[in-house]
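As structure tokens, the structure follows; a few thoughts come after it.
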Protein chains: 2
Amino acid sequence: MVQQDSARLDRLFHALSDPTRRAMLRQLADEERKIGDLARPFAMSFAAASKHVRVLESAGLVSRRVEGRAHICRIEAAPLAEAEAWLSFYAHFWSRRLDTLEALLQAEPHLPPPATE
Amino acid sequence: MVQQDSARLDRLFHALSDPTRRAMLRQLADEERKIGDLARPFAMSFAAASKHVRVLESAGLVSRRVEGRAHICRIEAAPLAEAEAWLSFYAHFWSRRLDTLEALLQAEPHLPPPATE
DNA sequence: GCGTTATTAAACCGTATGGTTCAGCAGGAC
DNA sequence: GTCCTGCTGAACCATACGGTTTAATAACGC
């Protein structure tokens, strides 16, 4: 179970760790695209783009439907919720610090503002 | 600028894509740890664990302070906020779908429920 | 049929990754 | 000083990654 989750998170974060793949997701956020359309903006071969799509697919971030000879991709953002859930575990960690900072600032309003250089 | 952000996201997501490193962060969420303490739970050499810490460090997720011969690591969760900001761009994507589904269900309550096979 | 289009598959290449081992070095204990 | 501890660095290895090119497959236009 946990091991499965872990492997899914591996794939998910790995898929997101590449700028090309993030850009593809960005494209897919606008509308569904054929793989060829996804590939076009990037200075890389068709085959390379196709591989990227597969990585996104194996992470569950993209689903594909075949229409004739075209493979049409759609974003499946739900897995990102899993990533967000993971991150949220640590969220208190930075927000707590900000809270502390805020509390400090409110407690000592006489402090000079930080110099901006 | 954007390029810098992109490279930072690369490092960040890549750092998170390894289960060992995520487990290390989990440990550090409890309290600061020496690298040796971080390494102990894992069936790997000290050197390997040390490398993992460096990956976390280069992603900005961990900071280190040297005390005598011990290197003490602390979690720096702030970069995760950047990841969360990135994810949040796509957040409407899954929530919107749920909204749409809900709206559909409410608008047409006469529809038969989907068959469950 | 024939050619073009959209895509995958396979083989390859250079580099990065995650791991090892062994040597080295600095800090504390004695 | 000597010895252990905590850590890094360097060399190495197998595998994975991101890219290429070429070949193969399948669907559409004619």
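Convention: sequence-line order gives letters A, B, ...; per-chain numbering from 1.
- Donor-acceptor pairing under 3.5 Å, judged by distance alone, is present between the side chain of B:R69 and the base of D:dT5.
- As a whole-Å value, the separation of A:H71 NE2 from C:dT5 P is 17 Å.
- For the pair B:R11 CZ and C:dA16 P, the interatomic distance rounds to 14 Å; values are reported in whole Å.
- Residues satisfying the side-chain contact (heavy atoms from CB on, under 4.5 Å) test with A:P41, not counting sequence neighbours, are A:Q27.
- As a whole-Å value, the separation of A:R33 CZ from C:dT7 P is 13 Å.
- Taking the salt bridge (charged side-chain N to carboxylate O under 4.0 Å, His left out) definition, one finds that A:E57 meets it with A:R64, sequence neighbours left out.
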Passes salt bridge (Lys or Arg N to Asp or Glu O under 4.0 Å), A:E67 versus A:K34? Steps please. CA-CA 10 Å; A:E67 254 176 37; A:K34 296 191 298 178; over 6 Å; no
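- Side-chain atoms of B:H14 lie closest to C:dG18 of the nucleotides C:dA6, C:dG18, D:dG18.
- Non-hydrogen atoms lying under 4.0 Å from DNA chain D are contributed by A:M44, A:S45, A:A47, A:A48, A:K51, A:H52, all within residues 44-60 of chain A.
- For B:S63, the side-chain hydrogen bond (donor to acceptor under 3.5 Å, both in side chains) partners are B:E76, not counting sequence neighbours.
- Distance from the side chain of A:D18 is smallest to D:dG18 among C:dA6, D:dC7, D:dG18.
- In this structure, A:D37 places its CG atom 8 Å from P of C:dT7, rounding to the nearest Å.
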Tell me which donor-acceptor pairs under 3.5 Å the side chains of residues 80-87 of chain A have, and how far apart each pair is, sequence neighbours excluded?
from	atom 1	to	atom 2	distance (Å)
A:E82	OE1	A:R8	NE	3.1
A:E82	OE2	A:R8	NE	3.4
A:E82	OE2	A:R8	NH2	3.1

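- Remark: P of D:dC17 and CG of A:D10 are 11 Å apart, rounded to the nearest angstrom.
- Between the CZ atom of A:F13 and the C1' atom of C:dG18 there is a distance of 19 Å, rounded to whole Å.
- Side-chain contact annotation: A:R22 with B:S6, donor-acceptor N/O pair under 3.5 Å present.
- Atom CZ in A:R21 sits roughly 12 Å away from atom C1' in D:dG19 (whole-Å rounding).
- With rounding to whole Å, A:E67 atom CD is found 11 Å from C:dT7 atom P.
- Sorted by first and then second residue, the side-chain hydrogen bond (donor to acceptor under 3.5 Å, both in side chains) pairs with a member in residues 44-53 of chain B read B:R21-B:H52; sequence neighbours excluded.
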